[in-house]
Amino acid sequence: LEPKVAQPAYAIRFESTGSSPQPYEQQLQRTKLSVKKDQPLTLSFWARADRPRSIQIELSVIQDGNWTNLGLMETLELTTQWQRVTRIIQ
């Protein structure tokens, strides 16, 4: 089952060439994301993997060299089948 997404659609293929003992050493980051206090933010994407594996998803910000969690930090179990992931961050 391939995802059906309304246009415009963007895709990212993340292919790791190695492994790391620390999950934060391999990251996909989005800059200039507008996050406002007391305004919900919806994160939605399709994901799959070449084999069953765990990934960590989080929403955080760095300010003055310190990372702050903005309400989303969880482990997601991926399979070889497409799955839609949607999270609403309050």
Transitively linked via ILVMFWY side-chain contacts under 4.5 Å: [X] with [Y]?
X: Leu72; Y: Ile88; value: no
X: Ile89; Y: Ile55; value: yes
X: Val85; Y: Met73; value: no

- Sequence neighbours excluded, which residues qualify as salt bridge (Lys or Arg N to Asp or Glu O under 4.0 Å) partners of Glu74?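 Testing Glu74 for salt bridge (Lys or Arg N to Asp or Glu O under 4.0 Å), a comparison that skips the adjacent residues, returns Arg87.
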- Message: Can you list everything that forms a salt bridge (Lys or Arg N to Asp or Glu O under 4.0 Å) with Asp50? Sequence neighbours excluded, please.
- Response: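 Counting only residues at least two positions away or on another chain, Asp50 forms a salt bridge (Lys or Arg N to Asp or Glu O under 4.0 Å) with Arg53.
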Compare every heavy atom of [Y] with every heavy atom of [X], then report the nearest pair and how far apart it is.
X: Gln81; Y: Arg48; answer: O-CB, 3.6 Å
X: Thr79; Y: Gln83; answer: N-NE2, 3.9 Å
X: Ser60; Y: Asn69; answer: CB-CA, 4.1 Å

- Would you sort out whether Thr86 and Leu43 count as a side-chain contact (heavy atoms from CB on, under 4.5 Å), showing the intermediate values? CA-CA 6 Å; Thr86 301; Leu43 171 69; over 6 Å; no
- Under 4.5 Å between side-chain heavy atoms, chaining through other members, with only Ile, Leu, Val, Met, Phe, Trp and Tyr counted: pull out the rest of the cluster around Trp67, sorted by chain and number.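 Besides Trp67, the cluster holds Ile62.
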With a 4.5 Å heavy-atom cut-off, do [X] and [Y] have their side chains touching?
X: Arg84; Y: Ser44; result: yes
X: Leu70; Y: Val35; result: yes
X: Ile57; Y: Phe45; result: yes

- Indicate whether any N or O donor in one side chain lies under 3.5 Å from an N or O acceptor in the other, for Thr75 and Gln56.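 There is no such pair between these side chains.
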- Message: If you count every heavy atom of other residues, nucleotides or ligands that lies below 6.0 Å from Gln63 atom CD, does the total exceed 12?
- Response: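 Not buried by this count: 12 neighbours or fewer within 6.0 Å.
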- Message: Return the CG to OG distance between Leu78 and Ser54, rounded to the nearest 0.5 Å.
- Response: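 Leu78 atom CG to Ser54 atom OG measures 8.0 Å (nearest 0.5 Å).
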